[in-house]
Amino acid sequence: MVIETERLLLREFTHEDFPALFEIVSDPETMRHYPQPFDENRTKDWIEWNLQNYKEHGFGLWAVVLKETGEFTGDCGLTIQIIDGESLPEIGYHIHKNYWRKGFGSEAASAVRDWAFMNTEYDCLYSYMKYANIGSYSTAIAIGMRKVKEYPDEKNGISYAYAIKREEWEKLKW
Ligand SMILES: CC(C)(COP(=O)(O)OP(=O)(O)OC[C@H]1O[C@@H](n2cnc3c(N)ncnc32)[C@H](O)[C@@H]1OP(=O)(O)O)[C@@H](O)C(=O)NCCC(=O)NCCS
């Protein structure tokens with residue numbers, strides 16, 4: 001287990017998470033801001049990529065589990081992403097649509113933000129998304145990020161980058 005919040009546990013993925021993760025990332029509504037929903041192979045690769053990230057960086061996307069029921073409700077964590085040509089630390093999130101708009105995305109993402117500032121040397125954390133992904137950028141805003149970039153992107157047409165600096169986070173927290 002990596003992080004505990006009021007309602008959630010964030011822990012490393014295992015191969016046993018495949019069916020629960022696949023239910024989320026294969027859903028067309030959940031993945032409507034992606035080129036396409038994930039198929040089985042893409043989902044398996046997603047788990048493998050994160051297992052590799054834990055080894056390589058000590059972080060990755062983690063499984064988000066409801067404390068009360070033990071239910072797998074999504075993923076949230078830190079990965080290195082190419083944002084407008086730069087490799088940057090990014091907070092990412094996917095929550096099962098049955099649980100949207102209940103504060104779980106921002107609860108998980110703010111815990112990841114705190115973890116990252118406390119356990120890594122990064123001085124700025126990012127989230128990036130397709131311009132139309134209002135749920136995603138609203139979550140970035142909810143954890144104290146502000147828009148720092150808008151740029152043309154092959155995958156998204158236009159991408160937005162949101163960010164929070166360490167000094168902004170320090171003011172936010174203490
Ligand atoms: C983005 C996502 C993880 C947000 O999860 P969530 O649990 O619904 O988020 P929260 O309930 O914590 O909401 C965070 C903020 O975003 C707002 N929000 C969330 N979804 C929204 C939507 N569809 N439209 C408008 N605002 C939205 C909430 O109102 C809240 O704002 P507030 O703090 O001002 O109240 C979820 O929508 C999701 O899984 N989307 C599909 C996957 C995806 O696109 N991930 C991002 C890839 S870049």
Side-chain angles (χ1 to χ4, degrees), residues 3-11 13 17 19-39 42-43 45-47 49-50 53 59-69 71-84 86-116 125-164 168-169 172-173:
I3 301 176
E4 180 170 0
T5 69
E6 197 187 330
R7 297 177 294 169
L8 304 171
L9 297 177
L10 275 67
R11 59 149 178 84
F13 276 129
D17 293 321
L21 179 65
F22 184 61
E23 185 176 318
I24 297 170
V25 295
S26 65
D27 174 57
E29 188 189 3
T30 303
M31 301 304 276
R32 71 188 184 282
H33 299 298
Y34 282 73
Q36 64 264 322
F38 290 2
D39 62 13
R42 180 82 178 83
T43 308
D45 288 349
W46 187 258
I47 293 178
W49 170 58
N50 283 295
N53 282 336
F59 55 74
L61 290 169
W62 294 302
V64 176
V65 176
L66 279 189
K67 268 207 272 198
E68 206 172 274
T69 59
E71 198 176 335
F72 181 104
T73 47
D75 67 21
C76 184
L78 191 68
T79 60
I80 304 299
Q81 296 284 339
I82 308 289
I83 302 178
D84 201 17
E86 276 184 278
S87 281
L88 295 169
E90 201 244 1
I91 298 178
Y93 26 70
H94 302 84
I95 297 290
H96 194 295
K97 65 181 176 187
N98 290 350
Y99 293 98
W100 285 350
R101 310 295 292 265
K102 296 179 190 302
F104 289 124
S106 47
E107 186 170 324
S110 59
V112 169
R113 173 202 64 196
D114 294 350
W115 184 94
L125 301 173
Y126 296 81
S127 281
Y128 86 116
M129 69 288 297
K130 185 171 177 153
Y131 70 94
N133 196 341
I134 182 167
S136 183
Y137 67 70
S138 300
T139 302
I141 293 167
I143 67 160
M145 291 184 170
R146 61 193 165 75
K147 192 155 129 195
V148 292
K149 230 173 204 190
E150 194 173 318
Y151 60 96
D153 178 285
E154 212 175 89
K155 190 174 67 174
N156 291 333
I158 303 280
S159 283
Y160 290 169
Y162 281 71
I164 182 167
E168 292 167 334
W169 170 72
L172 202 75
K173 294 293 281 179

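When a ligand or atom number is given, it counts from 1 through the structure's own listing order. Positions are given from 1, in the same order as the sequence printed here.
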query: Is there at least one protein heavy-atom neighbour under 4.0 Å from atom 32 (P) of ligand 1?
result: no
statement: Nearest non-hydrogen protein atom to atom 13 (O) of ligand 1, with distance, is T139 OG1, 4.2 Å
- prompt: Atoms of ligand 1 less than 4.0 Å from T30 heavy atoms?
  reply: 41 (C), 42 (C)
- prompt: In the protein, which heavy atom is nearest to atom 7 (O) of ligand 1, and how far is it?
  reply: G105 N, 2.8 Å
- prompt: Given the rule in the side chain to side chain contact (heavy atoms under 4.5 Å, CB included) test, do R146 and E168 qualify, once you have shown the distances and angles that lead to the verdict?
  reply: CA-CA 10 Å; R146 61 193 165 75; E168 292 167 334; 3.0 Å; yes
- line: For D75 and L61 the tightest heavy-atom approach is OD2-CD1, 3.9 Å
field: Distance filter under 4.0 Å to A142 heavy atoms, resulting ligand 1 atoms
entry: 33 (O)
- request: Indicate whether atom 35 (O) of ligand 1 is within a distance of less than 4.0 angstrom of some protein heavy atom.
  value: no
task: Using distance alone, determine whether I134 and ligand 1 share an N or O pair under 3.5 Å.
output: no
- request: Can you see which heavy atom on G144 is nearest to which on I164, and at what distance?
  value: O-CD1, 3.5 Å
message: Could you check whether any side-chain heavy atom of D153 comes within less than 4.5 Å of a side-chain heavy atom of I158, counting everything from C-beta outward?
response: no
field: Ring geometry between W46 and W49 (parallel below 30°, tilted from 30 to 60°, perpendicular above 60°)
entry: tilted
- prompt: Short list, please: which atoms of ligand 1 are under 4.0 Å from a heavy atom of Y128?
  reply: 48 (S)
- prompt: What atoms in ligand 1 come closer than 4.0 Å to a heavy atom of N133?
  reply: 43 (C), 44 (O), 46 (C), 47 (C), 48 (S)
task: Determine the minimum heavy-atom distance between V112 and C76, stating which atoms define it.
output: CG2-SG, 3.7 Å
task: Just jot down the ligand 1 atoms closer than 4.0 angstrom to any heavy atom of M129, in number order.
output: 48 (S)
- prompt: Looking at atom 22 (C) of ligand 1, what's its closest protein heavy atom, distance included?
  reply: R101 NH1, 3.3 Å
- line: Separation between NZ (K147) and CD1 (I141), nearest 0.5 Å, reads 8.5 Å
message: Under 3.5 Å between any N/O of Y93 and any N/O of ligand 1: does that happen in this structure?
response: yes
query: Taking both backbone and side-chain atoms of S136, is any N or O found less than 3.5 Å from an N or O belonging to ligand 1?
result: no
query: Does one side chain, of E71 or T73, offer a donor that lies under 3.5 Å from an acceptor on the other?
result: no
task: For atom 39 (O) of ligand 1, grab the closest protein heavy atom and report residue, atom and distance to one decimal in Å.
output: I95 N, 2.8 Å
query: Is any N or O atom of H33, backbone or side chain, closer than 3.5 Å to an N or O atom of ligand 1?
result: no
- prompt: Does any N or O atom in Y34 lie less than 3.5 angstrom from one in ligand 1, N or O only?
  reply: no
query: Which heavy atom in P35 sits nearest to a heavy atom in K155, and how many Å separate them?
result: CG-CG, 3.8 Å
query: Does the ring center of H33 lie less than 6.0 Å from the ring center of Y137?
result: no
statement: Looking only at protein heavy atoms, what sits closest to atom 12 (O) of ligand 1 is S106 OG, 2.6 Å
message: Starting from atom 38 (C) of ligand 1, what is the nearest protein heavy atom, named by residue and atom, and what distance separates them?
response: W100 NE1, 3.3 Å
Nearest neighbour in protein (non-hydrogen) for atom 16 (O) of ligand 1: S138 CB, 3.0 Å
message: Within ligand 1, which atoms have a heavy atom of K102 less than 4.0 Å away?
response: 11 (O)
- request: Determine the minimum heavy-atom distance between S138 and I134, stating which atoms define it.
  value: OG-O, 2.6 Å
- request: Would you name the heavy atoms of P89 and I80 that are closest together and state the gap between them?
  value: CA-CD1, 4.0 Å
query: Is the shortest N/O to N/O distance between H94 and ligand 1 below 3.5 Å?
result: no
task: Looking only at protein heavy atoms, identify the closest one to atom 11 (O) of ligand 1 and say how far it is in Å.
output: G103 N, 2.7 Å
- request: Taking the side chain as every heavy atom from C-beta outward, state whether Y93 and V64 have any pair of such atoms under 4.5 Å apart.
  value: no
